Novice: 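Pasting a structure here, questions to come.
Since the structure is predicted, the reported quantities are computational estimates derived from the model, not experimental observations. We count residues from 1, following the sequence as given.
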Amino acid sequence: MSQVKTGSSWFQRFLLPGFAFKAVIIGGGYATGRELAEFFLPSGPWGGLAGMVLAMLVWSLVAATTFLFARRTGARDYSSFFEALLGKGWVVFEIGYFLFLVLILAVFGAAAGAIGHAALGLPPIAGTLALMAGIAIFAGYGNTAVEQLFKYVSFLLYGVYALFLVLALAGFGDRIATGFAIPAVSDGWALGGLTYAGYNIIGAVVILPVLRHMTSDRDAVVAGLVAGPLAMIPAIVFFVCMIAFYPQIGVEVLPSDYLLTQLGNPVFHLLFQLMIFSALLESGTGAVHAVNERIAKAWQVRRGTPLGNGGRLAIAIALLVLCMLVADRFGLVTLIAKGYRALAYVFLAVYVLPLMTLGVFRLWRGGSQSPEAR
């Protein structure tokens, strides 16, 4: 089990978990705008925003509870967390996470291929292979490399989204205002927000390895509450820009590419595509790293030695080859619309519901604490 670093910085304790959470969930749909079009745009401009705020609040509440429960039980990987929460029922989550991993890596592979084709005219397989190589390299070097990736890609991402908002307001701000002024359907926003929050909140468990820097229960609660806004603010910025071309943008496979074309700035277009590829890289790396940490724990217990970088690299490559092949058979929109909704209900049943009932009860009763949490 990873030990808490006594010299942990303010950034590592409070912001890194939120950056990591954002890294896992931003993925192929969020970064490209596809998920926003799927879950929020049908409710109209104001209904969509209401759904996003609801999802953000759910993320903050569940993330704070997750981080606190993980700290109290000493869990630093998803397997240990669910053993503490569900007992022998942890295997149910393991199965669900494997299906989740197959789906999201397939989505990421398809999105990387689409971006490479749209931005550089490359065959789709080229973008997919480039993403696979990047994920394998970072996941192969363990915690430190993964945390640095989360940190610097986050700086790039927030900067690009801020610049995008400025350019969009200057280029078609009048259309955005018109879109928000037109009466539009707002039904279904709560269901859209809860569904989106439901399948994405799994990111709070995936990024447990970065909690090794926390020094108190307060760290866990504050980091969890901050994680929701850190993850959702870029999405809200992008959604506001999408409203300039509502409702027709809802049918676009890559809403980001559609908006960037309307913006007519080739240099920023390439910068934004680079940011999306970087977002895919950190999302895929976070998901694969979680598996590496889970296997590393079992390896340490059974063999008494740490899992080396070579082993981590081999595991990452095997997962990527297996999962990204799915992208050759299904389109990006189909994967998001069909697979993610079903997984939302699975994770609500085996993660959110037990955590917010049994988990909260144990925390309230002052359940057992790890030596690190005392």
Novice: When you compare the side chain of I135 with that of L320, does any pair of heavy atoms fall below 4.5 Å?
Specialist: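 Yes, at least one pair of side-chain atoms sits under 4.5 Å.
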Novice: Of the non-hydrogen atoms in N143 and P209, which two are nearest, and what is the gap between them?
Specialist: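 For N143 versus P209, the nearest heavy atoms are OD1-CB, 3.6 Å.
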Novice: Hey, quick one: are V352 and I95 part of the same hydrophobic cluster, counting side-chain heavy atoms closer than 4.5 Å, chains of contacts allowed?
Specialist: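 No: no chain of side-chain contacts under 4.5 Å links V352 to I95.
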Novice: Of all heavy-atom pairs between A244 and I176, which one has the smallest distance, and what is that distance?
Specialist: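 The pair with the smallest heavy-atom distance is CB-CG1, 3.6 Å.
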Novice: Among F69, Y351, F347, Y97, whose ring-ring contact (aromatic ring centres under 6.0 Å, His included) with F82 holds?
Specialist: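 Answer after filtering F69, Y351, F347, Y97: Y351.
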Novice: So do the side chains of L49 and F239 get within less than 4.5 Å of each other, counting heavy atoms only?
Specialist: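 A side-chain contact exists here, since the closest heavy-atom pair is under 4.5 Å.
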Novice: Side chains of E94 and Y78: any donor to acceptor distance under 3.5 Å?
Specialist: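 Side chains of Y78 and E94: pair found under 3.5 Å.
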Novice: With no hydrogens and no angle check, is any side-chain donor or acceptor of R71 less than 3.5 Å from a backbone partner on T215?
Specialist: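 Here the side-chain-to-backbone pair exists.
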Novice: Could you give the distance from CD (E83) to CG (L85), rounded to the nearest 0.5 Å?
Specialist: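 Between E83 CD and L85 CG, I get 11.5 Å after rounding to 0.5 Å.
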Novice: Check F277 against I115 and note the closest heavy-atom contact, atom names and distance.
Specialist: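 The pair with the smallest heavy-atom distance is N-CD1, 4.5 Å.
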Novice: Any link between Y141 and V210 through a network of hydrophobic side chains (Ile, Leu, Val, Met, Phe, Trp, Tyr) touching at under 4.5 Å?
Specialist: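 No, no single cluster joins them.
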Novice: To the nearest 0.5 Å, what is the distance between CE (M132) and CD1 (I137)?
Specialist: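 With rounding to 0.5 Å, CE (M132) is 12.0 Å from CD1 (I137).
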Novice: Determine, stepwise, if the pair F11 / K151 fulfils side chain to side chain contact (heavy atoms under 4.5 Å, CB included).
Specialist: CA-CA 10 Å; F11 173 85; K151 176 180 178 179; 3.7 Å; yes
Novice: Taking everything shown except H117 itself, do over 12 heavy atoms lie less than 6.0 Å from its NE2?
Specialist: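 Result for NE2/H117: open.
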Novice: Could you tell me the separation between the OH atom of Y196 and the CG atom of L191, rounded to the nearest 0.5 Å?
Specialist: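 Interatomic distance, Y196 OH to L191 CG, rounded to 0.5 Å: 15.0 Å.
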Novice: Hey, are the side chains of V92 and L86 touching, using non-hydrogen atoms and a 4.5 Å cut-off?
Specialist: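 No; the side chains remain at least 4.5 Å from each other.
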Novice: A side-chain contact here means heavy atoms from C-beta on lying under 4.5 Å apart; do T261 and H269 qualify?
Specialist: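 Yes - at least one pair of side-chain heavy atoms lies under 4.5 Å apart.
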Novice: Taking the side chain as everything from C-beta on, heavy atoms only, tell me whether R362 gets closer than 4.5 Å to T73.
Specialist: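 Heavy-atom side-chain distance check fails, nothing below 4.5 Å.
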Novice: Walk me through it: do R312 and E293 pass the test salt bridge (charged side-chain N to carboxylate O under 4.0 Å, His left out)?
Specialist: CA-CA 9 Å; R312 291 174 179 272; E293 287 298 287; 2.9 Å; yes
Novice: Please determine whether side chain to side chain contact (heavy atoms under 4.5 Å, CB included) holds for the pair V346 and F100, giving the CA-CA distance in whole Å, both sets of side-chain angles, and the decisive distance to 0.1 Å.
Specialist: CA-CA 10 Å; V346 172; F100 171 79; over 6 Å; no
Novice: Report yes if some heavy atom in the side chain of T66 is under 4.5 Å from a heavy atom in the side chain of L208; otherwise report no.
Specialist: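 Side-chain contact under 4.5 Å: yes.
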Novice: If you define the side chain from C-beta out and look only at heavy atoms, does anything of V226 sit under 4.5 Å from F14?
Specialist: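 Side chain of V226 against side chain of F14, heavy atoms only: no contact under 4.5 Å found.
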Novice: Are Y161 and V267 connected in the hydrophobic side-chain network, where two residues link if heavy atoms are under 4.5 Å apart?
Specialist: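 No; V267 is not reachable from Y161 via cluster members.
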Novice: Indicate the atoms forming the closest heavy-atom contact of R175 with Q248, along with that distance.
Specialist: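 That would be NH2-NE2, 3.9 Å.
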Novice: In Å, rounded to the nearest 0.5 Å, how long is the span from CG of N265 to CG of L167?
Specialist: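 Between N265 CG and L167 CG, I get 6.0 Å after rounding to 0.5 Å.
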Novice: Report yes or no: do V237 and F155 belong to one cluster of Ile/Leu/Val/Met/Phe/Trp/Tyr joined by side chain heavy-atom distances under 4.5 Å?
Specialist: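 Looking at the clustering, F155 is in the same group as V237.
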Novice: Check the hydrophobic clustering (I, L, V, M, F, W, Y; side-chain heavy atoms under 4.5 Å; chains of links allowed) and say if V58 and L353 are grouped together.
Specialist: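 No; tracing contacts between hydrophobic side chains, which count when under 4.5 Å, never links both residues.
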Novice: Quick check: closest heavy atoms across L157 and E282, and the distance to 0.1 Å?
Specialist: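 That closest heavy-atom pairing would be CD1-OE2, 4.2 Å.
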Novice: Taking atom types as modelled, is there a side-chain donor on S278 or Y152 under 3.5 Å from an acceptor on the other?
Specialist: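 No, no side-chain donor-acceptor contact under 3.5 Å.
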Novice: With a 6.0 Å cut-off on ring centres, are F180 and W46 close enough?
Specialist: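 Here the rings of W46 and F180 have centres that are less than 6.0 Å from each other.
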Novice: Can you tell me how far apart CG (L211) and CG (L16) are? Round to the nearest 0.5 Å.
Specialist: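 Taking CG in L211 and CG in L16, the distance rounds to 9.0 Å.
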Novice: Quick one: do F67 and I207 satisfy side chain to side chain contact (heavy atoms under 4.5 Å, CB included)? Show the steps, please.
Specialist: CA-CA 10 Å; F67 295 170; I207 57 93; 3.7 Å; yes
Novice: Side chain to side chain contact (heavy atoms under 4.5 Å, CB included) between R294 and V291: does it pass, once the steps are laid out?
Specialist: CA-CA 5 Å; R294 185 259 185 273; V291 176; 5.5 Å; no
Novice: Is there a donor-acceptor pair closer than 3.5 Å between any side-chain N or O of E252 and the backbone N or O of I249?
Specialist: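 No; zero donor-acceptor contacts below 3.5 Å.
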Novice: Kindly give the heavy-atom pair with the smallest separation between L41 and Y246, and that separation in Å.
Specialist: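 Looks like O-CE1, 3.5 Å.
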Novice: Do D219 and S216 have side-chain heavy atoms sitting under 4.5 Å apart?
Specialist: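 Sidechains of S216 and D219: in contact.
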Novice: Can you tell me how far apart CD1 (I295) and CZ (R302) are? Round to the nearest 0.5 Å.
Specialist: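 One finds 10.5 Å between CD1 of I295 and CZ of R302.
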Novice: With a 3.5 Å distance limit and no angle check, can you tell me whether S60 reaches the backbone of L225 through a side-chain donor-acceptor pair?
Specialist: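 Yes; judged by distance alone, with no hydrogens or angles, the pair exists.
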Novice: Tell me if the aromatic rings of F19 and Y158 count as close, with their centers under 6.0 Å from one another.
Specialist: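 Centroid separation for F19 and Y158: below 6.0 Å.
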Novice: Please determine which of P17, S154, P229, S283 meets the side chain to side chain contact (heavy atoms under 4.5 Å, CB included) test together with K22.
Specialist: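 The passing option is S154.
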